[in-house]
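What follows is a set of notes on a single structure, which appears directly below.
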Amino acid sequence: MWADGLGGHLPAGSAPLTREFFDRPGPEVAPDLLGRVISHGPVSVRLTEVEAYGMPGEDPASHTYRGRTPRNAVMFGPPGHLYVYFTYGMHFCANLVCLPEGVGSGVLLRAGEVVAGAEVALARRTAGAGRTVTARDLARGPARLAVALGFTREHDGLDVCPPGPVGVLEGDPPKPGAIMSGPRTGVSSGQETPWRFWIAADPTVSPYRPHVPRRR
DNA sequence: ATGGAGATGCTCT
DNA sequence: GAGCATCTCCATA
């Protein structure tokens, strides 16, 4: 079965999410993603923190705010695909595309708990540097999560609905009362919308850092 | 614990 | 040229 071979550490009976799941606005999909498990080859991550990005022209913090460009084209494609972008000259971040073709909305994967393939994730996170990384920090932060799952620009546009190398499984969603929300991290506009969602008291949620303009 | 600054390159104006 | 959906190291306390 498709969900087998993912490491055997996943909840029994956890099935892949269908494309319909993602065919909704990002702010609606985002809280529903908490507790789900995204899996790429040997590594699986239980999502504990996500951030939604809304409609073109309506959400100034979204990459799609000013319309379609070569970089954000995947966001305007069909739902249930990965949008991976390169930022700060050194990091990748991964989103799940929401809403149908022609509308650019999505959810940034901000943090999670590695529930399978921790050795592979650790090797990726420590490659080429004499650095030590704790289990909690393996996928704590959007760029770290992308490294742990092995996402780079090659994965931009990849379908996450079966069959395929990447899947999002049902997992074990938190109780509604455990879902928190607040302003998004690191964005210079759109701070009115509380579209960052996380699981209360989960140690793998990233520390909140408000946006600070760079000095020259 | 908290804060500052550097690294580094792509995208869009 | 400006600004970035960030991370890590180092300083101070």
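Lettering follows sequence order; numbering is per chain, from 1.
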* **Stems where DNA chain B pairs, listed by first number, each of three or more Watson-Crick or G-U pairs under 3.5 Å** =>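 Paired runs of 3+ in DNA chain B: B:1-7 with C:6-12, B:9-12 with C:1-4.
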Please report, rounded to the nearest Å, how far the [atom2] atom of [N] is from the [atom1] atom of [X].
{"X": "Asn95(A)", "N": "dA5(C)", "atom1": "CG", "atom2": "C1'", "answer": "8 Å"}
{"X": "Phe86(A)", "N": "dT6(C)", "atom1": "CZ", "atom2": "C1'", "answer": "11 Å"}
{"X": "Tyr208(A)", "N": "dC7(C)", "atom1": "OH", "atom2": "P", "answer": "14 Å"}
{"X": "Leu108(A)", "N": "dA5(C)", "atom1": "CG", "atom2": "P", "answer": "10 Å"}
{"X": "Asn72(A)", "N": "dT11(B)", "atom1": "CG", "atom2": "P", "answer": "11 Å"}
{"X": "Gln191(A)", "N": "dA5(C)", "atom1": "CD", "atom2": "P", "answer": "12 Å"}
{"X": "Arg196(A)", "N": "dA5(C)", "atom1": "CZ", "atom2": "C1'", "answer": "12 Å"}
{"X": "Arg71(A)", "N": "dT13(B)", "atom1": "CZ", "atom2": "C1'", "answer": "13 Å"}

* Sub-4.5 Å side-chain heavy-atom contact between Asp202(A) and Arg46(A) ->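 Yes. Closest side-chain heavy atoms under 4.5 Å.
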* Asked: So, do Val97(A) and Val74(A) sit near enough that their side-chain heavy atoms are less than 4.5 Å apart?
  ->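 Val97(A) vs Val74(A): side chains touch.
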* Give a yes or no answer on whether the side chain of Ser14(A) reaches the backbone of Gly171(A) with a donor-acceptor pair at less than 3.5 Å. =>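 Judged by distance alone, yes, a pair lies under 3.5 Å.
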* Does Leu149(A) offer a backbone N or O that forms a donor-acceptor pair with the side chain of His40(A) under 3.5 Å? ->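 Present.
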* To do: Tell me which residues in residues 47-69 of chain A put a heavy atom below 4.0 Å from DNA chain B, sorted by number, or none.
  =>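 Close to the strand are Arg66(A), Thr69(A).
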* To do: Test for a donor-acceptor pair under 3.5 Å between the base of dA5(C) and the side chain of Tyr85(A), counting only N and O atoms.
  =>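 Under the 3.5 Å cut-off, the side chain and the base do form a donor-acceptor pair.
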* To do: May I ask you to say whether Asp59(A) pairs ionically with Arg184(A), meaning some side-chain N is under 4.0 Å from a carboxylate O?
  =>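 A salt bridge links Asp59(A) with Arg184(A).
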* **Ring-face cation of Arg153(A) near Phe92(A) (centre distance under 6.0 Å, axis angle within 45°)** =>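 Negative - Arg153(A) is either too far from the ring of Phe92(A) or too far off its axis.
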* Can a cation-pi geometry be assigned to Arg19(A) and Phe21(A), taking NZ or CZ under 6.0 Å from the six-membered ring centre and within 45° of the ring axis? ->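 Verdict for Phe21(A): no cation-pi partner in Arg19(A).
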* Asked: If each of Ser189(A) and Gly130(A) is mapped to the nucleotide of DNA chain C with the nearest heavy atom, which maps nearer the 5' terminus, i.e. the 5' end?
  ->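 Taking each residue's closest nucleotide, the earlier one in sequence belongs to Ser189(A).
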* **Contact summary for Tyr53(A) and Ser62(A), nearest pair of heavy atoms** =>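 It is CD2-CA, 3.7 Å.
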* Looking only at heavy atoms, what is the nearest atom pair of Glu58(A) and Pro60(A), with distance? ->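 Looks like O-CD, 3.5 Å.
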* Asked: Looking only at side-chain N and O atoms, does Arg110(A) come under 4.0 Å of OP1 or OP2 in dA5(C)?
  ->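 No, no such contact exists.
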* N/O (side chain, Ser188(A)) to phosphate O (OP1/OP2, dC4(C)) under 4.0 Å ->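 Yes, because at least one side-chain N or O of Ser188(A) sits under 4.0 Å from OP1 or OP2 of dC4(C).
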* So which nucleotide from dA5(C), dA7(B), dC7(C) ends up closest to the side chain of Met90(A)? ->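 Out of dA5(C), dA7(B), dC7(C), the nucleotide with an atom closest to Met90(A)'s side chain is dA7(B).
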